[in-house]
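Some notes on the structure that comes next.
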Amino acid sequence: MENHIKIRIAFFDTKPYDKRWFDACNEAYEIIYYEGKLNQNTVGITKGFQVVCAFVNDDLNEKVVDALVENGVKLIALRCAGFSNVDLKAAKDRIPVVRVPAYSPYAVAEFAMGLLLTLNRKIHKSYNRTREYNYNINGLSGMDLHDKTVGVIGTGKIGRVFINICQGFGMKALAYDPYPAKDVNFTYVDLDRLFRESDVISLHCPLTEQTKYVVNREAISKMKPHTIIVNTSRGQLIESHALLDALQEKKLGGAALDVYEEEADYFFEDHSEGGIHDAILQLLTSLPNVLVTSHQAFLTEEALQNIASVTLENIADFFAGKGLKNQV
Ligand code: NAI
C-alpha cells in the first residue's frame with residue numbers, strides 16, 4: 001500500500017456521515033473533503049488529484065469530464081449505484097468510471113415500503129396531529145395492502161427485495177423488466193397491464209433513454225384513481241408536471257417520492273430559510289397525498305459502510321492495475 005500514500009482523492013458533496021465512514025475505512029489515501037458539488041464551476045480544484053469521488057447530484061457532463069482529464073485525474077469513483085449524472089461517452093477510453101453497484105438493496109426497498117405505509121395510512125398526518133394533542137382520526141383512513149396488487153418496474157436487486165416485502169404483506173406482485181429474471185414467484189406483464197391493474201406502483205429501474213418519463217401523462221391515464229406511486233429510483237422516471245396534474249384532478253391516490261427530477265438544485269441541503277423556487281416541487285410538497293423525502297432511501301449505517309469500503313476497494317484495484325469489477 002506504500003505507493004498509495006500520495007494518491008489524493010477530491011471528495012465532493014461531502015456530508016458528515018460520508019466523512020465518518022470514509023475516515024473509518026481509509027488507511028491509504030489523502031482524502032480532501034469538499035462540501036460543494038462537482039460541476040463546471042468547481043472542477044478547477046481537481047488539479048493535483050488522481051481521483052474524484054462523486055455522488056448522485058454531482059454533474060459530470062462532457063465539459064466536466066474533459067476538464068478532469070485535462071487536470072490529470074485518473075479515475076472517477078462514484079459512491080453510488082446510478083450513473084446517469086456522468087457523460088459516459090465523454091469518459092469512454094479516457095477516464096474509467098467505477099461505482100458501487102449494490103450497497104444495500106434492503107435499505108432502499110425497506111424505505112420504499114416505509115413510504116408506502118406512511119402515505120397509505122397517513123402516519124405523517126397522525127404524527128403532526130398528536131404533537132399538537134389533536135387525537136381526532138377523521139380523514140386518516142387508508143386501504144389494506146393485503147390482497148392488493150403491486151406493480152414493480154425493474155426487478156433487479158432492489159425491486160426483488162421490494163417484491164418480497166410486499167408479498168410478506170399478502171400483496172400480489174406484477175412486474176415489468178425487459179430482462180426478466182428466471183424462476184420467480186411473481187408475474188411479468190407488459191407495462192400497459194401493470195399500469196391498469198396495480199394498486200401500488202413502485203419504480204426500481206435505472207434512468208435510461210428508455211425509462212425517462214416511463215410514468216408520463218399517458219401511463220397515468222391508465223392507472224386506477226386510487227393508485228399510489230412510489231419512486232425511490234430517479235426523479236426523471238416520472239413526468240412531474242403530469243403527476244401533479246393527476247393528483248390535483250384526483251386521478252391518482254398519492255405519490256411517495258424520494259427522488260425528484262430537478263432535485264439537484266435542492267436535495268441534501270437546508271433551504272428552510274430562503275425557500276425554493278421550483279413551483280412543481282412546491283405544489284407537490286403541499287399536497288396532502290404526497291410525501292417527499294430528500295433522496296434518503298439508501299441512508300442506513302450498513303449501506304454507508306459498504307459505500308465507503310467498496311469505493312476505496314475500487315480505487316485500490318485501479319491503482320494496483322487489477323480488473324475493475326465495478327467499472328461502468
Ligand atoms: P439493478 O441494476 O440491480 O436493477 C435494475 C433493473 O432494472 C434490472 O433488472 C434491469 O433489467 C431493469 N431495467 C433496465 N431497463 C429497464 C426498463 N426499460 N424498464 C424496466 N426495467 C428496466 O439496480 P438496483 O440496485 O435494483 O437499483 C435500481 C435503481 O435504484 C438504481 O438504478 C438507482 O436509480 C436507484 N437507487 C436509488 C437509491 C436511493 O437512495 N433513492 C439508492 C440506490 C439505488
Side-chain angles (χ1 to χ4, degrees), residues 13 15 17-18 54-58 78-86 88 97 99-116 150-166 173-184 186-195 198 201-216 219 229-238 255-261 263-264 267-268 291-308 310-311 325-328:
D13 203 6
K15 295 288 178 284
Y17 46 80
D18 293 316
F55 196 50
V56 291
N57 289 325
D58 290 307
L78 300 175
R79 55 180 194 279
C80 50
F83 45 86
S84 52
N85 55 333
V86 184
L88 291 180
V97 181
R99 65 175 181 140
V100 184
Y103 29 89
S104 172
Y106 310 102
V108 182
E110 288 169 10
F111 191 81
M113 179 48 92
L115 286 177
L116 172 59
V150 60
V152 172
I153 301 181
T155 55
K157 293 172 285 293
I158 297 170
R160 299 280 293 273
V161 174
F162 185 71
I163 289 175
N164 269 334
I165 294 173
C166 289
L174 300 179
Y176 170 75
D177 194 310
Y179 309 100
K182 293 200 179 83
D183 301 326
V184 295
F186 53 85
T187 311
Y188 280 108
V189 294
D190 59 25
L191 274 179
D192 187 75
R193 188 170 156 204
L194 186 145
F195 292 142
S198 303
I201 294 175
S202 196
L203 306 179
H204 297 291
C205 56
L207 175 64
T208 64
E209 275 170 29
Q210 290 76 42
T211 59
K212 185 173 177 189
Y213 292 160
V214 62
V215 174
N216 55 18
I229 298 179
V230 181
N231 188 6
T232 54
S233 273
R234 285 293 177 268
Q236 285 182 31
L237 297 176
I238 298 183
L257 311 171
D258 187 48
V259 287
Y260 172 66
E261 60 175 311
E263 70 178 46
F267 278 23
F268 302 117
L291 207 53
V292 176
T293 51
S294 183
H295 207 133
Q296 74 172 82
F298 73 98
L299 197 63
T300 65
E301 293 300 304
E302 290 81 353
L304 289 170
Q305 182 173 17
N306 287 337
I307 287 170
V310 174
T311 303
K325 56 181 181 297
N326 294 324
Q327 186 163 9
V328 181

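Counting convention: from 1, in listed order, for ligands and their atoms alike. Note that the coordinates shown come from a computational prediction; the quantities given were computed from them, not determined experimentally.
When each of Thr300, Asp258, Ile158 is tested with Val108 by the rule side chain to side chain contact (heavy atoms under 4.5 Å, CB included), just one qualifies, namely Ile158.
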Name each N or O atom in ligand 1 that is under 3.5 Å from a protein N or O, and give the partner atom and the distance.
unit_1	atom_1	unit_2	atom_2	d
ligand 1	3 (O)	Lys157	N	2.9
ligand 1	3 (O)	Lys157	NZ	2.8
ligand 1	9 (O)	Gly156	N	3.3
ligand 1	9 (O)	Asp177	OD2	2.6
ligand 1	11 (O)	Asp177	OD1	2.7
ligand 1	11 (O)	Asp177	OD2	3.3
ligand 1	26 (O)	Lys157	N	3.3
ligand 1	26 (O)	Ile158	N	2.8
ligand 1	30 (O)	Ser233	OG	3.3
ligand 1	34 (O)	Ser233	O	3.4
ligand 1	34 (O)	Arg234	NH1	3.3
ligand 1	40 (O)	Phe298	N	3.1
ligand 1	41 (N)	Thr232	O	2.8
ligand 1	41 (N)	Asp258	OD2	3.1

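A 4.5 Å side-chain heavy-atom check between Leu78 and Val100 finds every atom pair outside the cut-off. The shortest side-chain heavy-atom distance between Asp13 and Arg79 falls under the 4.5 Å cut-off. Using a 4.5 Å heavy-atom cutoff, the side chains of Ile165 and Glu110 are in contact.
Between Asn85 atom CG and Arg234 atom CZ the span is 7.5 Å, to the nearest 0.5 Å.
Annotation: side-chain contact (heavy atoms from CB on, under 4.5 Å) contacts of Val150 (sequence neighbours excluded): Val152, Phe162, Cys166, Met171, Ala173, Val200.
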